[in-house]
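Along the sequence shown, residues carry numbers from 1. Keep in mind that the numbers below use all heavy atoms, side chains included, and drop hydrogens, waters and symmetry copies. Counting starts at 1 for both ligands and their atoms, in listed order.
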Amino acid sequence: MSTLWVGTSWKMTKTLTEARAWAEGLREHLDTVPDGVQPFVIPSFTATTTVREILGEDSPVLLGVQNAHWEDTGAWTGEVSVPQAKDAGAQIVEIGHSERREHFGETVETTRLKVAAALRHGLTPLLCIGESAGVKEAGGSSAFILEQAAGALEGLSEEELARVVIAYEPIWAIGEKGRPATTEELREPFAALGAQYTGRVAGLLYGGSVNLDNAAELLGIEHVTGLFVGRTAWELEGYLELLAIAGRS
Ligand SMILES: O=C[C@H](O)COP(=O)(O)O
């Protein structure tokens with residue numbers, strides 16, 4: 001059985017006090033992380049080093065950042081580079097989340113550059129893809145996400161591809177304004193992604209309104225090898241329960 005990845009991005013939430021409490025709580029419960037489950041947490045940049053220090057250097061919990069620039073250094077005010085993220089303790093770089101595509105001009109081209117930068121520095125790119133409600137209604141979900149993925153992963157060798165994690169997060173299913181996807185709705189896009197990427201990438205995750213009631217069912221969809229979670233995992237209890245659910249899947 002392949003590893004099940006179960007992780008959370010905190011998006012733009014949590015003070016350092018809150019980040020500390022969550023990370024310390026997780027550290028205390030590490031013995032409950034089931035075998036075969038790969039936990040990861042992606043805090044705001046401000047909490048990266050704090051969470052790294054609390055979890056420790058050799059933690060089984062992987063640590064990520066929510067974005068990083070494709071250049072290693074330079075005059076890019078407001079940006080953080082992959083080497084800087086690595087220096088702060090990150091092992092994963094989240095790339096292309098729909099909120100970044102919508103609000104911050106992320107494109108297929110910038111996701112490609114960022115995937116390459118993460119790989120160049122030995123970090124795991126967590127590439128997010130997902131279609132809008134309009135694309136879904138027009139019947140174009142699978143073609144759209146395959147194009148996003150192919151564009152971002154263009155030119156990679158099989159060895160490099162094997163280090164990439166893909167998270168399929170339909171925009172219509174994400175966040176407060178989203179609605180949970182049904183397993184029926186997800187079967188076709190995952191079949192399309194699976195046909196291309198199962199066995200070639202490190203993980204094929206689902207994200208978007210994952211909760212304690214739908215997590216097991218989502219993990220049962222063919223080709224799904226993990227969950228990428230927002231709100232449900234922001235409370236540590238929710239995250240621990242998701243890890244336990246994955247352990248039973
Ligand atoms: O990064 C996580 C996803 O955007 C999902 O967020 P959500 O679980 O709150 O819908």
Do Trp172 and Glu131 pair up side chain to side chain, a donor and an acceptor below 3.5 Å, judged on atom types alone?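 Short answer, yes.
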Could you identify the single nearest non-hydrogen protein atom to [atom] and state the distance to 0.1 Å?
{"atom": "atom 3 (C) of ligand 1", "result": "Glu169 OE2, 3.1 Å"}
{"atom": "atom 9 (O) of ligand 1", "result": "Arg231 NE, 2.6 Å"}
{"atom": "atom 8 (O) of ligand 1", "result": "Gly230 N, 2.9 Å"}

Take a 6.0 Å sphere around CD of Glu18 and say whether it holds more than 12 heavy atoms from other residues, nucleotides or ligands.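 Counting other residues, nucleotides and ligands, CD of Glu18 exceeds 12 neighbours.
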Atom CD of Glu147: over 12 foreign heavy atoms under 6.0 Å: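 Not buried by this count: 12 neighbours or fewer within 6.0 Å.
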Is Glu94 salt-bridged to Arg100, going by a charged N under 4.0 Å from an acidic O?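 Judged by the 4.0 Å cut-off on N to carboxylate O distance, Glu94 and Arg100 do not form a salt bridge.
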Is there a polar contact, in the sense of an N or O pair closer than 3.5 Å, between [X] and ligand 1?
{"X": "Ser9", "result": "no"}
{"X": "Glu94", "result": "no"}
{"X": "Val229", "result": "no"}

Distance flag, aromatic centroids of Tyr168 and Phe190, threshold under 6.0 Å: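 That pair passes the under 6.0 Å test.
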Heavy-atom contact check, 4.0 Å cutoff: does [X] meet ligand 1?
{"X": "His97", "value": "yes"}
{"X": "Gly178", "value": "no"}
{"X": "Ile174", "value": "yes"}

Specify whether Phe40 and Trp5 have parallel, tilted or perpendicular ring planes, treating 30° as the upper limit for parallel and 60° as the lower limit for perpendicular.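 Answer is perpendicular, since the angle exceeds 60°.
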Smallest separation among heavy atoms of Pro43 and Gly64, with atom names: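 The answer is CD-O, 3.3 Å.
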Please identify which atoms of ligand 1 are closer than 4.0 Å to at least one heavy atom of Gly175.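 Taking each heavy atom of Gly175 in turn, ligand 1 has 7 (P), 10 (O) under 4.0 Å.
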